[in-house]
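As the structure lists them, so they are numbered: ligands from 1, and atoms in each ligand from 1. A quick note: this is a predicted structure, and the numbers were derived from the prediction, not measured.
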Amino acid sequence: MNNSTNDKFIIKGLAGKRTLSGTIKISGAKNAVLKAMAASVLFESPLRIENVPDTEDTDKMLTLMTGLGISTEIAPGALHIDATKELSTDLDHDISKSMRASVVITGPLLARFGNVSFPAPGGCVIGSRPIDLFIEGYKKMGAAVSIKKHSNGDDRYEITAPKNKKGFCLQGAEIIFPIQTVGGTETLMMAAVLAEGKTVLKNCAMEPEIVSLIEYLNACGAHIEGAGTPTLVIRGTAGKLLKTNAKKPYVTIPDRIETASFLFLAAACGKDITITDCEPSHLEVIIDMLINSGVTIEIKPSHIRVTASGKPLTSFNIRTHEYPGFPTDVQAPAVVYLTQTVGESRVFETIFEGRFKYVDELVQMGAGITAMNPREILIKGETPLKALDGGEELVSYDIRAGFAVILAALIAKGTSVIDNTYFIDRGYEAIEKRLKALGADITRIIPE
Ligand code: EPZ
């Protein structure tokens, strides 16, 4: 993927008609593959990862890892990662500041090499997104934490593992998360895999991406119990690295957030759309809500078919929640869909405090949305949407808000221009090609 970061999308809207038809194939999950890539540091043998999405974030993670001395080979849809040599443990500042998932590799690096240095990670601006729970967890495992200044004035964490007879090793500990954190669960779990002794993580996140990571690590010699439950018990190997099995690569699970994004698009703009290579069991809450809203959905083991019923769609309320609840990453596309349903909907965002920035764009397009407080909006539908006047551009504030404005532009009457498509490319592979195949009139403009 190579977005020139200033690419734009031009979208000619359907003016409320539901005419898109065809098949859309789901990619491997961005938020699974980035963590599997980070896990390569735990291995004494090279790691093969399959069903890899071609997105900006996978490119960025590869660049970050190459900068540490990890050798990577890219094949179509697959990665071969060899992290078996002595590596640097200083994360590249700029890449780390541009992608939240960079923080996940600090666990394996600290556990294997006894030290790691990195900035507070950046990524989607959807709230403050601190890493206090990571730091607290490292301290509980015996690590010493200091903060130094980077040349540009940013703070950088310098973390060292405690000494033991063999040099250094994180110590098993009991860590209770005050709130469920996906990255915190994944990072401290991977650190615990190489620690000395038993680690118990409580109030863990239970996302399918975490379960798939645990299953793979256990197949390679880790001892992690409790996958899919709030309590993980990890018996550390005291520094003994994991071993890959050449016949069993890590196969990235389908991207459930991408699937949900396309479900709402199909419900709002589709005549007859089939979403393939997906995992419907990861989306039960969303599918049930859409069926109750009047959407005709047919479910098969690895694909979902959405057909227009011709009847008006009815509104519903959303309260985002950790898995298996309604995912916060699907909130923005769902709000756009709700503007096309009859009745009032209340959407309460419980996870991030700054995830409604895109709503202003929708209101300018004609949506009836009122902010009740920083965490709650009220939607009154259905309202026709129209492209912004005078060629004013729609802004993509983050990956999922970017998809939301694409959906709004597809629904709208008129032609829309979408700016900073780079964010969309971070999380959705070849989005314009796949939407074009459904009949959408979308073009990528690459500035000279
Ligand atoms: C992961 O982010 C995903 N990103 C996010 O997806 C997703 O929105 C989020 O999980 C929640 O599902 C990746 O996996 C790369 P958290 P993460 O730690 O791990 C607070 C996308 O669009 N918190 O579960 O960073 C935090 O501020 C992205 O694909 C602390 O306070 O999310 C938030 O309010 C956007 N201190 C809550 O926990 C900490 O140390 C949940 O965050 C860590 C987190």
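- For the pair Arg319 and Phe348, the cation-pi criterion (under 6.0 Å, within 45° of the ring axis) is fulfilled.
- Taking each heavy atom of Ser345 and Leu338 in turn, the nearest pair found is OG-CD2, 3.5 Å.
- Ligand 1 is surrounded by Lys30, Asn31, Lys35, Arg100, Ala101, Ile126, Arg129, Pro130, Ile131, Asp132, Leu133, Phe134, Ile179, Gln180, Thr181, Val182, Gly183, Thr328, Asp329, Ile351, Phe352, Arg355, Arg400, each with at least one heavy atom closer than 4.0 Å.
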Report all side-chain donor-acceptor pairs from residues 220-232 shorter than 3.5 Å, counting only partners two or more places apart or in another chain.
residue	atom	partner	partner atom	Å
Thr229	OG1	Gly226	O	2.7
Thr229	OG1	Thr231	N	3.2
Thr229	OG1	Thr231	O	2.9

Let me have the donor-acceptor pairs involving side chains of residues 115-123, under 3.5 Å, with sequence neighbours excluded, atom names and distances please.
residue	atom	partner	partner atom	Å
Asn115	OD1	Thr89	OG1	2.4
Asn115	ND2	Phe113	O	3.3
Ser117	OG	Arg156	NE	3.0
Ser117	OG	Arg156	NH2	3.2
Ser117	OG	Glu158	OE2	3.3

Pairs of donor and acceptor atoms involving the side chains of residues 126-137, under 3.5 Å and at least two apart or interchain, shall be tabulated with distances.
residue	atom	partner	partner atom	Å
Ser128	OG	Glu353	OE2	3.1
Arg129	NH1	Cys124	O	3.1

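- Aromatic ring pairs are classed by plane angle as parallel below 30°, tilted from 30° to 60° and perpendicular above 60°; the pair His282 and Tyr323 is perpendicular.
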